[in-house]
Amino acid sequence: MKDPAKMLSEIEAKLSADVGPTGKVVTALSGGIDSTVAAFIAHRVLGDRVRSLFVDTGLLRAGEARQVVERMRSQGIPLELVDARKDFFASLKGVTDPETKRKRIGETFIRVFEREAVSSQAKYLIQGTIAPDWIESGGNLRDVIKSHHNVGGLPEKMAFTIVEPLRDLYKDEVRALAGLLQLPEPHRQPFPGPGLAVRVLGEVTEDRVAILQRATAVVEEAVEKAVSEGKLRLPWQYFAVLLPVRSTGVTGDNRTYVDTIAVRMVESIDAMSATASEPPAWLLRSISERITRELVGKVNRVVYDITDKPPATIEWE
Ligand code: XMP
């Protein structure tokens with residue numbers, strides 16, 4: 001890995017040249033490490049020529065929009081919250097194909113930014129795309145594995161030029177930069193740009209996202225509690241996926257026929273490959289008990305994904 005300080009000065013010089021002496025920009029924050037690092041660098045280089053927007057897509061984890069805005073404001077980034085939940089759910093109506101979902105989300109992001117940024121006369125949109133995003137979106141692989149929303153889903157015509165200051169970096173390098181910039185929680189787990197949409201298999205509706213938000217909170221709380229008690233090493237990623245697979249169950253005297261939650265935990269260094277974690281059985285059992293209790297009538301079965309990447313990917317879509 002390159003020296004982080006050298007990496008930072010090269011990125012800053014290039015960003016300054018790309019945007020020019022008077023260019024105005026908007027940054028697209030997702031709350032994840034990549035876009036946060038990109039936004040911090042943009043504010044360092046461009047000062048008040050940057051307007052940072054955080055779009056509430058409705059596809060975030062429970063409470064996440066508020067947390068991100070508060071965290072960034074406490075770090076001195078005046079993040080503006082844009083409520084675009086209606087736009088995103090409308091764009092996903094009836095869509096079940098994973099690539100179509102990603103493209104619709106990418107397009108909706110851009111349209112929302114265009115709408116929001118017209119008033120600030122910004123010509124540039126800064127995105128936190130990193131190398132695995134475009135490599136896996138067909139940048140130099142023959143087969144497109146996944147169109148990561150911040151690459152594959154971009155519409156042909158846009159009112160902006162996209163600037164991607166981190167596009168040659170891998171995850172571990174971005175984390176090193178976050179450390180250098182003294183950003184909070186540099187080891188927060190990665191979260192995909194299209195959010196929970198790629199973890200709700202089948203159609204993405206508000207109701208189904210709400211189910212997954214609950215299950216996600218259970219997995220995160222259980223893992224983080226076990227880590228804080230010294231019973232578990234923090235996995236690289238740990239999350240829930242809602243499967244459109246109904247199966248028979250029983251609650252009290254009643255037969256149920258409802259959906260399945262898959263729990264996924266993986267170890268990785270750069271997300272290009274990953275190994276399924278082997279969490280203790282008691283942890284999985286307590287996650288299963290809580291999910292089926294808190295989502296009674298909605299989920300009656302919890303399974304654990306034991307597949308490495310490759311052949312699977314980390315996310316299910
Ligand atoms: P996959 O599922 O391709 O994921 O093995 C590799 C890593 O990337 C995250 N991921 C994304 N990140 N935009 C992002 O910024 C996306 O569209 C996206 N899709 C997956 C995933 O969580 C994992 O860390």
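Numbering of ligands and ligand atoms starts at 1, following listing order. No hydrogens, no waters, no symmetry mates; every other heavy atom, side chains included, goes into these values.
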Inset, instruction - Would you mind running through ligand 1 and noting each atom that sits below 4.0 Å from a heavy atom of Lys309? - result: 1 (P), 3 (O), 5 (O), 6 (C)

Inset, instruction - Indicate yes or no: does an N/O atom of Ile314 lie under 3.5 Å from an N/O atom of ligand 1? - result: yes

Legend entry - Glu203/Arg208 salt bridge by N-O under 4.0 Å criterion: no

Legend entry - Atom indices of ligand 1, in the order listed, that fall short of 4.0 Å to a heavy atom of Pro194: 13 (N), 16 (C), 17 (O)

Inset, instruction - Examine the proximity of ligand 1 to Pro192 and report which part, side chain or backbone, both or neither, has a heavy atom under 4.0 Å away. - result: both

Legend entry - Numbering as shown, the atoms of ligand 1 that approach Ala271 to under 4.0 Å (heavy-atom distance): 6 (C), 7 (C)

Inset, instruction - Among Gln67, Gln213, Glu220, find the residue that satisfies the side-chain hydrogen bond (donor to acceptor under 3.5 Å, both in side chains) test when tested with Arg61. - result: Glu220

Inset, instruction - Give me the one residue out of Arg199, Arg102, Arg264 that meets salt bridge (Lys or Arg N to Asp or Glu O under 4.0 Å) with Glu315. - result: Arg199

Inset, instruction - Give yes if a backbone or side-chain nitrogen or oxygen of Arg102 is under 3.5 Å from a nitrogen or oxygen of ligand 1, and no if not. - result: yes

Inset, instruction - Look only at interatomic distance and state if Gly193 has a nitrogen or oxygen under 3.5 Å from any nitrogen or oxygen of ligand 1. - result: yes

Inset, instruction - Please examine the side chains of Asp87 and Arg111, heavy atoms only from C-beta on, and report whether any two atoms are closer than 4.5 Å. - result: no

Inset, instruction - Please determine if Glu10 and Lys6 form a salt bridge, counting it only when a charged side-chain N lies under 4.0 Å from a carboxylate O. - result: yes

Legend entry - Atoms in ligand 1 with a heavy atom of Thr313 nearer than 4.0 Å: 1 (P), 2 (O), 5 (O)

Legend entry - Check: Asp305/Thr307 side-chain N/O donor and acceptor closer than 3.5 Å: yes

Legend entry - Pair Lys225 + Glu229: basic N to acidic O under 4.0 Å: yes

Inset, instruction - May I ask you to check if ligand 1 and Arg199 share an N or O to N or O distance below 3.5 Å? - result: no

